[in-house]
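Remarks on the structure that follows.
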Amino acid sequence: VQLQASGGGLAQDGGSLTLSCKASGIRIVFNRMAWYRQAPGKQRELVADITSGGFTNYTDPVKGRFTISRSNAKNTVFLQMNSLKPEDTARYYCNGYFSDWAWGQGTLVTVSS
């Protein structure tokens, strides 16, 4: 399984970014998928997840600002991030929900104040 995240970059406080994660080596249609992030000096944390049926869950700090979605046809998971804050600065990864798949490189998001 390979997971290629993209879409990160530099955003201003209050700005928006959309992340994409293309999976290869597996069809994710039946998998619960998730976005995680790791800020400098901190542990990786779960940000949002989406079930195969499209039900979503979010960690409290991003509720109302981030939206996770998926395209099974494209084998891709997305994370729309609005109203970005400097504390959202981190490297973002997608993976199966608490799966044992290998981690990809992630994509770096930097939010300036």
Side-chain angles (χ1 to χ4, degrees):
V1 178
Q2 290 189 327
L3 301 160
Q4 181 64 50
S6 61
L10 179 63
Q12 292 189 334
D13 192 351
S16 299
L17 286 172
T18 300
L19 307 184
S20 299
C21 175
K22 173 74 172 177
S24 58
I26 191 170
R27 295 292 301 172
I28 65 170
V29 61
F30 297 115
N31 292 92
R32 186 172 180 178
M33 299 297 295
W35 282 95
Y36 301 80
R37 67 185 180 187
Q38 186 168 20
K42 294 187 177 181
Q43 290 189 334
R44 187 178 287 151
E45 63 174 350
L46 177 66
V47 175
D49 68 88
I50 184 167
T51 69
S52 58
F55 291 100
T56 59
N57 298 283
Y58 300 90
T59 188
D60 284 346
V62 309
K63 282 182 180 176
R65 300 189 297 121
F66 290 10
T67 302
I68 187 172
S69 61
R70 62 192 297 158
S71 168
N72 292 330
K74 296 181 179 180
N75 221 34
T76 300
V77 182
F78 305 95
L79 187 67
Q80 173 68 44
M81 305 186 297
N82 298 325
S83 302
L84 283 163
K85 303 176 180 180
E87 51 263 43
D88 294 319
T89 294
R91 183 167 291 274
Y92 285 72
Y93 305 83
C94 73
N95 209 319
Y97 181 74
F98 290 103
S99 76
D100 59 358
W101 299 343
W103 293 95
Q105 298 281 347
T107 186
L108 183 62
V109 172
T110 304
V111 183
S112 62
S113 58

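Here the closest non-hydrogen pair linking Y58 and T67 is OH-CA, 3.4 Å.
No close placement of the F66 and W35 rings is indicated, their centers lying 6.0 Å or farther apart.
At a threshold of 4.0 Å, the pair D88-K85 does not count as salt-bridged, since none of the basic side-chain nitrogens sits closer than that to a carboxylate oxygen. Look at R32 and D49 and you find a salt bridge, because one of the NZ, NE, NH1 or NH2 atoms lies within 4.0 Å of a carboxylate O, short of that distance.
T76 places a side-chain N or O within donor-acceptor distance of the main-chain N or O of K74, the cut-off being under 3.5 Å. Of the possible polar contacts, none joining the R27 side chain to the A23 backbone as a donor-acceptor pair under 3.5 Å is found. Proximity of a side-chain donor or acceptor of S52 to a complementary backbone N or O of N31 within less than 3.5 Å is not detected. Put simply, the side chain of R65 gets close to the backbone of S83: a donor and an acceptor are under 3.5 Å apart.
Residues R44 and Y36 have side chains that never bring a donor and an acceptor to within less than 3.5 angstrom of each other. Residues N82 and S16 bring a donor and an acceptor atom of their side chains to less than 3.5 Å of each other. Neither side chain, Q12 nor S112, offers a donor N or O lying under 3.5 Å from an acceptor on the other.
No side-chain heavy atom of Y93 sits under 4.5 Å from any side-chain heavy atom of L19.
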Quiz prompt | Stepwise side chain to side chain contact (heavy atoms under 4.5 Å, CB included) test for L46 and F98 | solution = CA-CA 9 Å; L46 177 66; F98 290 103; 4.0 Å; yes
